[in-house]
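Heads up, the thing below is written out as C-alpha cells.
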There are 2 protein chains.
Amino acid sequence: MKYSTKLSDTIHLLVFLYLADGNRMTSARIAESVKTNPAYIRQLMSALKKGGLITSDRGQANPTLIRETDQITMLDIYRAVEGEKPLLHLDIHTNPECGVGVNIQLSIGDFYREVQDAAEKKMQEITLKDIIERYYEKVETAGLKAAIWADGMTDQTTLG
Amino acid sequence: MKYSTKLSDTIHLLVFLYLADGNRMTSARIAESVKTNPAYIRQLMSALKKGGLITSDRGQANPTLIRETDQITMLDIYRAVEGEKPLLHLDIHTNPECGVGVNIQLSIGDFYREVQDAAEKKMQEITLKDIIERYYEKVETAGLKAAIWADGMTDQTTLG
DNA sequence: TCGTCATGTAATTTTAATAATAACATCAAA
DNA sequence: TTTGATGTTATTATTAAAATTACATGACGA
C-alpha cells in the first residue's frame, strides 16, 4: 500500500497554524504548502478537533491551537489522526488449525507491544515546541531566515 | 496499502524451523502453517540467508539456523527482511517551493529518527529465544501442551 | 437578504506497497 | 533419469491510504 503520511502532514499543519499566528488560515492555503487538497486537510483538522487539539468553526476560516505548543506531544497528534494503529503488524491470517501458528503470533504480539510502548514513550517526550524550534534552526542554518522571515510573520504570503 | 507482515511471518518461520529441530522443513510445509504460498516463504528465507541468519541449499530441503536463538534479535530479523524501512514516514511530496514545508519535514525527520532508535533499541533486546519461551508459556496456559507436545517434537505432523 | 466563501463530511476513484501466484532454471538424491 | 526441492524473476491481485468529488451547512459582508 501507500505509506500513511497522516502524522507528518498533521504536524506540518499544526506548525503552519502556529507560524500563521493569528492570521486566519484556510484549508486551501494549508493544502498548498502540504501539496494536497483542502478536503484532506479538513479531515485531519476534524480529527484534531475531536482530539481536543484545535478549534475550528464551520463557515469561517479560524482554526486555532487550544494548548501551548509544549503541551502537545507527538503522541497526542498520532492518537488524534491514527488512533490505536500499531507500528508493527501481526499476520492474523495464519492457519487457525495450526496451534503453533496461532500461539506464535500471540507471542510476537506481546513483544510488538513492548516495541510500541518504547516508541510511544519517545513520542510522548517530543512536543510541537521541539519541532518548531528545530525548524527554526534548520531555516537559520540554511541561511533562509533573512529571506523568509526578515519582514516578520505578518506577511503570510511568504508562508506558501 | 496492505500492511507488511514480513516481520511476523519471518519470526513465525524461524520459530517453526527451531521447533522442527532437525526435521527437514520444506517451504511448502512452512507455508501451510503461515497460510501462504511456498514462493513467499522462499523469498523470506532468501533474505534471511543474505542476512546471515540461516543456511539453505538449493535442491534439498534443509534450512537451518546458524546462530543460537538467543543470538538472533528481532532487529536482526527486521533488517534482514525489511532493510532500513522506517516505522514512520515523512511526506516527501510537500511543496518544494515552500521553504516552510521542506524544513518542517526535515525537522520532523530528526524526531522520527529518535522514535525509530527507541523502537530499534527495544527490538535489539528481544531475541528469538524470548519469543520461543513466550510461545511455550502460551501453549501451556492454553492447556495444549499435552495434546501437541506429549509424544515429543519428533512427530512433525503435529506441527502443521 | 442574498451571494460568496469557508467548513464538515461522506462517497468514490486513484495510487502504491504488499502478498499471492505463476513460471522456470537449477540442483540433489533416490 | 525421474522426482522433488530451492532460488529467482515476473506478473497479478489485494488493500490501505491519499486524492478527488460533491454537497449540505454556516458565517459574513455588500
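Naming convention: chains lettered A, B, ... in sequence-line order (proteins, then strands); numbering from 1 in each chain.
- Between H89(A) atom NE2 and dT15(D) atom P the separation is 15 Å, expressed in whole Å.
- Separating the CD1 atom of I30(B) from the C1' atom of dA5(D) is a distance of 12 Å, rounded to the nearest angstrom.
- Between the C1' atom of dG7(D) and the CD1 atom of I41(B) lies a distance of 14 Å, rounded to the nearest Å.
- Across the protein-nucleic acid pair, E82(B) atom CD and dA19(C) atom C1' stand 12 Å apart, rounded to whole Å.
- Distances shown here put every side-chain N or O of S46(A) at or beyond 4.0 Å from the OP1 or OP2 atom of dT7(C).
- A salt bridge between D117(A) and R113(A) is present, with a side-chain N of the basic residue lying under 4.0 Å from a carboxylate O of the acidic one.
- Using a 4.0 Å heavy-atom cutoff across all strands shown, K49(A) reaches sugar-phosphate atoms only and no base atom.
- Among the protein residues, K85(B) comes within range of the sugar-phosphate backbone only, with heavy atoms under 4.0 Å from sugar or phosphate atoms but none that close to a base.
- Counting only heavy atoms from C-beta outward, the side chains of Q116(A) and L87(A) approach each other to under 4.5 Å.
- Look at CG on L48(B): it is 14 Å from P on dT6(D), rounded to the nearest Å.
- Going from atom CD1 of I92(B) over to atom P of dA16(C) covers 10 Å, rounded to whole Å.
- Taking side-chain N and O atoms only, Y3(A) has no distance below 4.0 Å to OP1 or OP2 of dT15(C).
- Residues S107(A) and D110(A) have side chains that never bring a donor and an acceptor to within less than 3.5 angstrom of each other.
- For residues 53-69 of chain A, the pairs satisfying salt bridge (charged side-chain N to carboxylate O under 4.0 Å, His left out) are R67(A)-D76(A), with sequence neighbours left out.
- Contact of the T127(A) side chain with the F111(B) side chain is not registered, since no non-hydrogen atoms from C-beta on lie closer than 4.5 Å.
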- H93(B)/T5(A) under side chain to side chain contact (heavy atoms under 4.5 Å, CB included): CA gap, chis, key distance, verdict: CA-CA 10 Å; H93(B) 297 105; T5(A) 55; over 6 Å; no

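- For the pair M25(B) CE and dG4(D) C1', the interatomic distance rounds to 17 Å; values are reported in whole Å.
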Between the protein and nucleotides 19-21 of chain D, are there any N/O to N/O pairs under 3.5 Å, and if so, what are the atom names and distances?
{"unit_1": "dA19(D)", "atom_1": "OP2", "unit_2": "T36(A)", "atom_2": "OG1", "d": "2.4"}

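- Under the side chain to side chain contact (heavy atoms under 4.5 Å, CB included) criterion, K85(B) pairs with Y3(A), S4(B), Y78(B), E82(B), H89(B), not counting sequence neighbours.
- OP1 or OP2 of dT6(D) lies within a sub-4.0 Å distance of a side-chain N or O belonging to S27(B).
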Using a cut-off of under 3.5 Å, enumerate the N/O to N/O pairs linking the protein to nucleotides 27-30 of chain D.
{"unit_1": "dC28(D)", "atom_1": "OP1", "unit_2": "Q60(A)", "atom_2": "OE1", "d": "3.1"}

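- For the pair T26(A) and dT7(C), the criterion of a side-chain N or O lying under 4.0 Å from OP1 or OP2 is not met.
- Side-chain nitrogen and oxygen atoms of K6(A) include none within less than 4.0 Å of the OP1 or OP2 phosphate oxygen of dA17(D).
- Taking N62(A) as the reference, R24(A), T64(A) meet the side chain to side chain contact (heavy atoms under 4.5 Å, CB included) condition, with sequence neighbours excluded.
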Mind listing the side-chain donor-acceptor pairs of residues 40-50 of chain B below 3.5 Å, one per line with the distance, residues two or more places apart or on another chain?
{"unit_1": "Y40(B)", "atom_1": "OH", "unit_2": "D9(B)", "atom_2": "OD2", "d": "3.0"}
{"unit_1": "R42(B)", "atom_1": "NH1", "unit_2": "S27(B)", "atom_2": "OG", "d": "3.1"}
{"unit_1": "K49(B)", "atom_1": "NZ", "unit_2": "S56(B)", "atom_2": "O", "d": "2.6"}

